[in-house]
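Here's the structure, in structure tokens; my notes come after.
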Amino acid sequence: EQILEHTFIGQDEQQLKSWGDQLVSDGFTLVSLSDNKLVLTKPAMLTTGEISDLTQKLAAYTASIGIKYDGWGAEIVK
């Protein structure tokens with residue numbers, strides 16, 4: 001497993017906070033919320049299928065509520 005960092009951008013910080021709270025209840029960890037940017041982490045396997053499924057679900061849902069899923073990143077492990 002690798003820790004993936006997920007970033008969301010919104011116009012309403014309270015809406016971002018509510019979305020962050022929902023994700024925390026689903027196993028994500030809050031990293032930061034400031035300047036209309038929400039960052040959370042969650043362990044995941046670095047497989048194309050798992051990442052693709054998760055990012056598609058996050059992007060589709062956040063688009064429906066007016067938040068932009070800005071993508072994910074992971075630290076390089078040597």
Side-chain angles (χ1 to χ4, degrees):
E1 279 192 339
Q2 179 74 25
I3 301 294
L4 300 185
E5 187 175 271
H6 300 273
T7 303
F8 303 88
I9 309 292
Q11 299 299 316
D12 180 346
E13 206 152 292
Q14 185 57 44
Q15 182 186 33
L16 283 170
K17 181 184 181 322
S18 294
W19 173 238
D21 291 345
Q22 185 176 339
L23 290 175
V24 166
S25 72
D26 287 337
F28 286 74
T29 300
L30 177 66
V31 174
S32 65
L33 171 59
S34 64
D35 299 323
N36 295 325
K37 182 166 102 173
L38 171 66
V39 180
L40 300 108
T41 59
K42 185 172 186 180
M45 296 302 293
L46 282 178
T47 64
T48 304
E50 185 170 333
I51 292 170
S52 183
D53 287 348
L54 178 59
T55 58
Q56 286 177 5
K57 288 175 186 173
L58 291 172
Y61 183 74
T62 55
S64 75
I65 61 171
I67 294 173
K68 179 184 179 221
Y69 177 57
D70 199 44
W72 64 273
E75 187 175 314
I76 297 173
V77 177
K78 295 180 180 181

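Just so it is clear, the structure is predicted and the values come from calculations on it, not from any experiment. Computed over heavy atoms, backbone and side chain alike; hydrogens, waters and symmetry mates excluded.
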Requested in this report: Dump the intermediate steps for side chain to side chain contact (heavy atoms under 4.5 Å, CB included) on Trp19 and Leu33, then the final yes or no.
Outcome: CA-CA 11 Å; Trp19 173 238; Leu33 171 59; over 6 Å; no
Rounded to the nearest 0.5 Å, how far does [atom2] of [Y] lie from [atom1] of [X]?
X     : Y     : atom1 : atom2 : answer
Asp70 : Leu38 : CG    : CG    : 11.0 Å
Leu23 : Thr41 : CG    : OG1   : 11.0 Å
Asp12 : Asn36 : CG    : CG    : 8.0 Å

I'd like to know if the side chain of [X] reaches the main chain of [Y], judged simply by a donor and an acceptor atom lying under 3.5 Å from each other, with no hydrogens or angles considered.
X     : Y     : answer
Gln2  : Met45 : no
Gln15 : Ile65 : yes
Lys42 : Asp26 : yes

Query raised in the report: Which heavy atom of Leu58 sits nearest a heavy atom of Thr62, and at what distance?
Result: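 Result for this residue pair: O-OG1, 2.7 Å.
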Should [X] and [Y] be counted in the same cluster of Ile, Leu, Val, Met, Phe, Trp and Tyr side chains packed under 4.5 Å apart?
X     : Y     : answer
Tyr61 : Leu54 : yes
Phe28 : Leu30 : yes
Leu4  : Val24 : yes
Trp72 : Ile3  : no

Query raised in the report: Take atom CG in Asp35; do more than 12 heavy atoms of anything else shown fall under 6.0 Å from it?
Result: no
Query raised in the report: Does any donor atom in the side chain of Ser18 or Gln22 lie under 3.5 Å from an acceptor atom in the other side chain?
Result: no
Query raised in the report: Can Lys17 and Asp21 be said to form a salt bridge (Lys or Arg N to Asp or Glu O under 4.0 Å), step by step?
Result: CA-CA 6 Å; Lys17 181 184 181 322; Asp21 291 345; 3.0 Å; yes
Requested in this report: Report the relative orientation of the aromatic rings in Tyr69 and Phe8; use parallel for angles under 30°, tilted for 30 to 60°, perpendicular for over 60°.
Outcome: tilted
